[in-house]
Amino acid sequence: MSTLIFDSLNEAQSLAVKAPLGHQLILAGAGSGKTRVLTYRIAWLVHAEKVSPANILAVTFTNKAASEMRHRIESLLGTSAKAMWIGTFHNLCHRILRNHWREAGLSEHFQILDSDDQYRLLRRLILSLNIDEDKFPPKEAQWFINAQKDQGLESSQVPSHGNTIQQKWIMIYAAYEEACQRAGLVDFADLLMKVNKLWKTHSNILAHYQDRFRFLLVDEFQDTNAQQYDWVRQIAGSQGYITIVGDDDQSIYGWRGAQVENLERFRRDFPQVSLIRLEQNYRSSGTILKAANALIANNQSRFGKNLWTTQGEGEKITVYAAFNEFDEAHFIANRIREHQARDVCLSNMAILYRSNAQSRVLEETLIHYGIAYRIYGGLRFFERSEIKDTLAYLRLIANPEDDAAMERIINVPTRGIGDSTQALLREHAKQHQLPLWQAAEQMLAQKLVPSRTASGLTHFLETIQTLRTDIHNLSLHESVQHVVYNSGLIEHYRKEKGEKGISRIENLEELINAAKEFENEMEASDVGQLMSPSPLSAFLSYSALEAGESQAGLSQDSVQLMTLHSAKGLEFNTVFLAGCEEGLFPHYLSQENPEKLEEERRLCYVGITRAMQKLYMSYAEARQLYGKNTHNRPSRFLKEIPGEYLDGIRIKTKVSLPESAVSKSDQKTAAGLRVGQQVTHRQFGEGVILQQEGQGDRARLQIRFARVGIKWLIASYVDQG
DNA sequence: TTTGAACGTTTTTTT
DNA sequence: AACGTTCAAA
């Protein structure tokens, strides 16, 4: 490796990369090359400071970012970086817990509970505790428990303040804790909490990690929570060198316990932190950057920084006032075609939105236009119910004490084990302090179940046992395949009518493939997650930790659709920021609370700064939201951007013609009416056509009337205005 | 116990 | 609109 590569850095970057050993806080604005700085810093440590890669630990926000970083480092160094630990907090903690399960008080076969599993478990517990489900909804219990865990509090440590409601929550938490412990289950927050506790109770283990990882680098520090902060502080000890990178303006995970204050706290807790600001932006045009700066300046609580660029002004930001979400989608699709014609490849364009629900109309329109797209988020692969059912079979096979898994599949497919039988089982299990599995065996042996259900239950137990012996000598993917085909799940889904059943079966096939790929990767990376007691166990953990970044068809050139949250860290030539309306963005649940509103603004900042050359922002005057027609004002964020950076339709304009609708001749009806046109109606008065269904005289038109709102009418009853 | 239909409710972001 | 829950009938 030549030192020449380090010459390509700017002054601030170079300062950060070549800094003498010590603690560093790098405040890195959007597009300032922070990933570059991190990877180069690591390369510098290895190359110039002669640090062994085995002594380096890097924490990233997503699994994807981790593997990207590994690649970059390897290509910089020209060697494998296997000895280096790079991963998310959750991933690294998982690895540590697999190494020290005994000391952490876990079962060797512990499995990870994802948030859906957690919800189901809580719901069941609340029911069995005879607590009113309406007063203590599982969702809130989940929220409560996760919030406590993020603070590092076990159920016994949560103060009740003599508050009876709080006591109930604590009671639920305690029951949940016990259930997890008994079944060998660990949730996301546990991964961190258990490692923190492990380190506090076993100083030798902590010392081992402190000794090994003298060089710590943490990305996206503004999105760390209290537990993660504690984790970093512990492993650093008094010997470690920490580099943290963050941007307070891009803190968008406050709602799940992230604390921006951690940036400030770091500076207080660690002496002699050198602070470096990266303020030169290499990504966006001057206009886009200035717009972003102007927007974020409306936030009160920030470190304060100003991004600048040497790039030219570039094009203005196009704001489009759509009539409704369909018009918005058409507009976007047309623009995508234009850019495509100008040689911007599809994968360099992204449509960003606030909530996943917005994706449907966009998807449908893109399909209509024949534009390839790839969608992130929504239901991820490993979260689909058919996949989770299969995984539950595998989990129960691997660990008969996994009650959550057993609950899930005991009657899937239906085998006559209904609610009452299940209640009976639970009761027996509770009284004898047994896992459900053993409770079932006992009850059958003691003939405590009616004969008809007994046969169903026996059949279930036998199925699982047979599967267990069957797959004993099979490889991972063969095991998965065997379970898919012999558990009865395939037949079960085949019976399901419509396309749903078909796609489920396809997904199950895909699961077998995923197992195969996982196998290959394990072999290639020799160590990897091999700490797990078995390949199956490793695969199960993987499925919970990485819910499915890997999706079909990712090699094809396609437009990227995702929420603003998942766009963090990415960049695109052209960005469409859709749904810039009050109530949608900022979301109405955040409108009242100033802090939440600032987070929404940061989210908008993140969205804007994803764009390199061209940004479109659009809003719809009318939109179907939650099954109702809504009329929302343009987002306040649009108004916070100075008009000089904006182009196109003025924001306050009441009516403007959607060009996409006009240009399409097939939108015309026999009466010569078209979308966007002003019309009058004898009874309802003046209005604007929003949408059309059908052709000719029998066409139905959706019209927004000034006086009476939106109505669907037959074309022949409308006069052109 | 299972099934289907009617009913009512609920809408953010995710490692 | 989409989902989950509840209720009644088989």
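Since we're looking at a predicted model, the values are computed, not measured.
- The existence of a salt bridge linking A/K388 and A/D114 is confirmed by a sub-4.0 Å separation between a basic side-chain nitrogen and an acidic carboxylate oxygen.
- Comparing A/T453 and A/Y626 against DNA chain B, the residue whose closest nucleotide sits nearer the 5' end is A/T453.
- Set against B/dT1, B/dT13, B/dT11, the side chain of A/S420 has B/dT1 as its closest nucleotide.
- For A/A329, the side-chain contact (heavy atoms from CB on, under 4.5 Å) partners at least two apart in sequence or on another chain are A/V361, A/L362, A/T365.
- Using a 4.0 Å cut-off between charged side-chain N and carboxylate O, A/R408 and A/D116 make a salt bridge.
- One finds a side-chain N or O of A/N356 lying less than 4.0 angstrom from the OP1 or OP2 phosphate oxygen of B/dT14.
- A/D150 meets the salt bridge (Lys or Arg N to Asp or Glu O under 4.0 Å) test with no other residue; sequence neighbours excluded.
- Rounded to whole angstrom, the span from the CG atom of A/L564 across to the C1' atom of B/dT14 amounts to 14 Å.
- A/D327 CG to A/R623 CZ: the interatomic distance, rounded to the nearest 0.5 Å, is 11.0 Å.
- Rounded to whole Å, atom P of B/dT14 lies 9 Å from atom CD1 of A/I252.
- Contacts of A/F61 with the nucleic acid, taken as non-hydrogen atoms under 4.0 Å apart, involve only primed sugar atoms and P, OP1 or OP2.
- A/T421 comes within 4.0 angstrom of sugar-phosphate atoms only, judged by non-hydrogen atoms across all strands, and of no base.
- Remark: aromatic rings of A/H565 and A/Y376 are distant, center separation not under 6.0 Å.
- Side-chain contact of A/S455 with A/T458: a donor-acceptor pair under 3.5 Å is absent, judged by distance alone.
- Remark: ring of A/W255 overlaps the six-membered base ring of B/dT13 in a stacked fashion, centroids less than 5.5 Å apart, planes less than 30° apart.
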Which atoms of nucleotides 2-7 of chain C (N or O only) lie under 3.5 Å from a protein N or O atom, and what are those distances?
residue: C/dA2; atom: OP1; partner: A/R360; partner atom: NH1; Å: 2.6
residue: C/dT5; atom: OP1; partner: A/R123; partner atom: NH1; Å: 2.4

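- Taking atom CG on A/N91 and atom P on B/dT15, their separation rounds to 12 Å, with Å as the unit.
- Checked against the 6.0 Å centroid threshold, A/Y253 and A/W255 count as a close aromatic pair.
- Judged by distance alone, with hydrogens and angles left aside, A/R452 brings no side-chain donor or acceptor close enough to the base of B/dT1 to form a pair under 3.5 Å.
- Across the protein-nucleic acid pair, A/Q624 atom CD and B/dT11 atom C1' stand 14 Å apart, rounded to whole Å.
- In this structure, the NZ atom of A/K568 is 10 Å from the P atom of B/dT15, given to the nearest Å.
- Taking only side-chain nitrogens and oxygens, A/T563 comes nearer than 4.0 Å to OP1 or OP2 of B/dT14.
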Distance-only criterion, 3.5 Å: show the donor-acceptor pairs between side-chain atoms of residues 414-426 of chain A and protein atoms not counting sequence neighbours.
residue: A/R415; atom: NH1; partner: A/I409; partner atom: O; Å: 2.9
residue: A/R415; atom: NH1; partner: A/I410; partner atom: O; Å: 2.8
residue: A/R415; atom: NH2; partner: A/Y393; partner atom: OH; Å: 2.8
residue: A/Q422; atom: OE1; partner: A/R426; partner atom: NH2; Å: 3.4
residue: A/Q422; atom: NE2; partner: A/I417; partner atom: O; Å: 3.1
residue: A/R426; atom: NE; partner: A/E407; partner atom: OE2; Å: 2.9
residue: A/R426; atom: NH2; partner: A/E407; partner atom: OE1; Å: 3.1

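- Among the nucleotides B/dT14, B/dT13, B/dT11, the one closest to the side chain of A/R354 is B/dT13.
- A salt bridge links A/K34 and A/E220; the closest N-O separation between the charged side-chain nitrogens and carboxylate oxygens is under 4.0 Å.
- When the C1' atom of B/dT13 is taken as reference, atom CD of A/Q222 falls 15 Å away, rounded to whole Å.
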Apply the test side chain to side chain donor-acceptor pair (under 3.5 Å) to residues A/T224 and A/Q259: give CA-CA distance (whole Å), side-chain angles for both, the deciding distance (0.1 Å), then the verdict.
CA-CA 6 Å; A/T224 53; A/Q259 303 173 329; over 6 Å; no
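- Atom NZ of A/K139 is separated from atom P of B/dT11 by 6 Å (rounded to the nearest Å).
- Here the side chain of A/E600 pairs a donor or acceptor atom with the backbone of A/H587 at under 3.5 angstrom.
- Side-chain proximity of A/S355 to the nucleotides B/dT12, B/dT14, B/dT15 is greatest for B/dT12.
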Write down the protein N/O and nucleotide N/O pairs, taken from nucleotides 2-6 of chain B, whose separation is under 3.5 Å; answer none if there are no such pairs.
residue: B/dT2; atom: OP1; partner: A/G416; partner atom: N; Å: 2.5
residue: B/dT2; atom: OP2; partner: A/N411; partner atom: ND2; Å: 3.2

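- Across the protein-nucleic acid pair, A/D114 atom CG and B/dT15 atom C1' stand 11 Å apart, rounded to whole Å.
- A/E491 CD: more than 12 foreign heavy atoms inside a 6.0 Å radius.
- Side-chain proximity of A/T88 to the nucleotides B/dT14, B/dT15, B/dT12 is greatest for B/dT15.
- Scanning residues 585-599 of chain A for heavy-atom distances under 4.0 Å to DNA chain B yields A/H587, A/L589.
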